[in-house]
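To start, the structure itself, in structure tokens.
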Amino acid sequence: MALKAAGLRVGDTHTERLVEDLTRTQIVQYAGASGDFNPVHTDELFAREVAGYPTVFAHGMLTMGITGRMLTDYVGDGRLTKYGARFTSQVWPGDTLDATVTITAVGDNFVELAVSTVNQDGVEVLKATAEARVD
Amino acid sequence: MAVDRFPIEEGHVMMFARAIGDDNPIYHDREYAASTECEGIVAPPTFVQSSNQFDPDYTMRPRTGQAWFGSGRTPTGAGKDPRGGGRRLGGGLHAEQRFEYHRHPRVGDVLTATKRPGKAWEKQGRRSGKLLFRETITEYRDQNGELVVTATGVGVSTERPVDRD
């Protein structure tokens, strides 16, 4: 299911819903799997009363991980050669995230991509670039 | 900081894929995965970050018998003046992460991770003085010493805590 270079054009886009109504439980699940137990992500009392945030918030790497799911669905499993992201805004419980990938370059056997993940208010929470091998 | 042994384990990959909401069988179905060009279960693109699980010095994991800065009876176990603990502990916020895949880790690989500092630069922040950006480059190598993933993390820390009094 890998992409074929012949069918790709610079400027092509693909948008996908990543998560609807992000739960605190998913953030906890990510803490357990990744090993990052920073209480700002998992501990409501600490996040509000010690760190001064309105509530817990998602690990940047969780947002990068769920955005990565959309990328691997798009380019095919094992096809990414580069994936880099900037965390541009925090992601909170209850957020709904959509990602759009745009083709920025196509070669004989590779494609370059720009990715933007936005929340339900249209605020960009992650800005990424990626490269993948294509057939 | 370094990780001497980061085994890519089937159950860990499955749990990580669940946590990022990815039910792709390439991450949990051995038979399916073996039939693809990956020839087996591979790790999701951001999985190597979980090498922290195998880092003996990782600070964001509670240790048996040691105080933890998260809440218990009180909002923090860190002592009287926990200000800045959440935002600044562990070197500040994670601003950016980049991965370069020389190949994708497969279940059965045993990786090592070595870290070295990369570039560092400053920006002037409005409320917290200078913002210090620091790169950390982690090289993940396999059991044959071959480079598998190069990861570059960018952390940002403030010159002084944001005043919350």
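So that the names make sense, note that chain A is the first sequence line, chain B the second, and so on, each numbered from 1.
- With a 4.5 Å cut-off on side-chain heavy atoms, A/Leu80 and B/Phe99 do not count as touching.
- Put simply, A/Trp92 and A/Val56 are part of two different groups of oily side chains (I, L, V, M, F, W, Y) that touch within less than 4.5 Å, one to the next.
- Within 6.0 Å of CG on B/Asn144 lie more than 12 heavy atoms contributed by other residues, nucleotides or ligands.
- With hydrogens and angles ignored, the 3.5 Å screen pairs a side-chain donor or acceptor of A/Gln26 with a backbone N or O of B/Ala19.
- To the nearest 0.5 Å, atoms CZ (B/Arg61) and CZ (A/Phe37) are separated by 8.5 Å.
- In this structure, a donor-acceptor pair under 3.5 Å is present between the side chains of A/Asp77 and B/Asn24.
- Within residues 118-126 of chain A, no residue has any heavy atom under 4.5 Å from a heavy atom of chain B.
- Side-chain contact between A/Leu62 and B/Ile20 is present, with at least one heavy-atom pair separated by less than 4.5 Å.
- Of all heavy-atom pairs spanning A/Ala33 and B/Ser50, the tightest one is O-CB, 3.7 Å.
- Among the candidates A/Gly60, A/Ala31, A/Gly32, A/Pro39, the residue making the largest number of heavy-atom pairs closer than 4.5 Å to chain B is A/Pro39.
- The closest donor-acceptor contact from the side chain of B/His94 to the backbone of A/Met61 lies at 3.5 Å or more, if one exists at all.
- A distance-only check finds no donor-acceptor pair linking the side chain of B/Arg98 to the backbone of A/Ala85 [under 3.5 Å].
- Placement of B/Tyr27 and B/Met14 in two distinct hydrophobic clusters is found when ILVMFWY residues are connected by side-chain heavy-atom separations under 4.5 Å, directly or transitively.
- With a 4.5 Å cut-off on non-hydrogen atoms, B/Arg18 touches chain A through its backbone and its side chain both.
- B/Leu131 and B/Leu93 fall within a single hydrophobic cluster, where Ile, Leu, Val, Met, Phe, Trp and Tyr are joined by side-chain heavy atoms under 4.5 Å apart, directly or via other members.
- Separating the CZ atom in A/Arg86 from the CD atom in B/Gln97 is a distance of 14.0 Å, to the nearest 0.5 Å.
- Side-chain heavy atoms closer than 4.5 Å link hydrophobic residues (I, L, V, M, F, W, Y) into clusters, and following such links, even through other members, never connects A/Val50 to A/Leu45.
- The distance from atom CG of A/Asn38 to atom CE of B/Met60, rounded to the nearest 0.5 Å, is 4.5 Å.
- Side chains of A/Tyr83 and B/Thr46 form a contact here, defined as non-hydrogen atoms less than 4.5 Å apart.
- Residue contact with chain A, scored on non-hydrogen atoms closer than 4.5 Å, is absent for B/Phe47.
- For a residue to count as touching a neighbouring chain, one of its non-hydrogen atoms must lie under 4.5 Å from one of that chain's; by this rule A/Asp43 touches chain B with the side chain only.
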Atom pairs and distances, donor-acceptor, side-chain atoms in residues 3-13 of chain A, under 3.5 Å, two or more places apart:
unit_1	atom_1	unit_2	atom_2	d
A/Arg9	NH1	A/Ala6	O	3.3
A/Asp12	OD2	A/Arg9	N	3.0

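- Side chain of B/Glu37 to backbone of A/Gly78: no donor-acceptor contact under 3.5 angstrom is found.
- Identified by a heavy-atom distance below 4.5 Å to chain A, contributing residues of residues 135-142 of chain B are lacking entirely.
- The shortest heavy-atom contact between A/Glu49 and B/Pro75 is OE1-CG, 3.2 Å.
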The test is side chain to side chain contact (heavy atoms under 4.5 Å, CB included); show your working for A/Asp36 and B/Tyr58 and say whether it passes.
CA-CA 9 Å; A/Asp36 182 348; B/Tyr58 188 59; 3.4 Å; yes

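- Neither the backbone nor the side chain of B/Pro44 comes within contact range of chain A, judged by heavy atoms closer than 4.5 Å.
- Between A/Thr72 and B/Pro45, some side-chain heavy-atom pair lies under the 4.5 Å cut-off.
- With hydrogens and angles disregarded, no donor-acceptor distance shorter than 3.5 Å links the side chain of A/Gln29 to the backbone of B/Met15.
- The structure places CG of B/Asp22 at 6.0 Å from CG of A/Asp73, a figure rounded to the nearest 0.5 Å.
- Ring-plane geometry between B/Phe69 and A/Phe46 is classed as perpendicular, the angle between the planes exceeding 60 degrees on a 0 to 90 degree scale with a lower cut at 30.
- Taking chain A as the reference chain and counting heavy-atom pairs below 4.5 Å, the highest number among B/Thr36, B/Asn52, B/Ile26, B/Val42 is found for B/Ile26.
- Between chain B and the residues A/Ile66, A/Val28, A/Val19, the most heavy-atom pairs under 4.5 angstrom are made by A/Ile66.
- Take B/Gln66 and apply the side chain to side chain donor-acceptor pair (under 3.5 Å) test, not counting sequence neighbours, and it matches no residue.
- A chain of hydrophobic side-chain contacts below 4.5 Å, direct or via other Ile, Leu, Val, Met, Phe, Trp or Tyr residues, connects B/Val13 to B/Tyr32.
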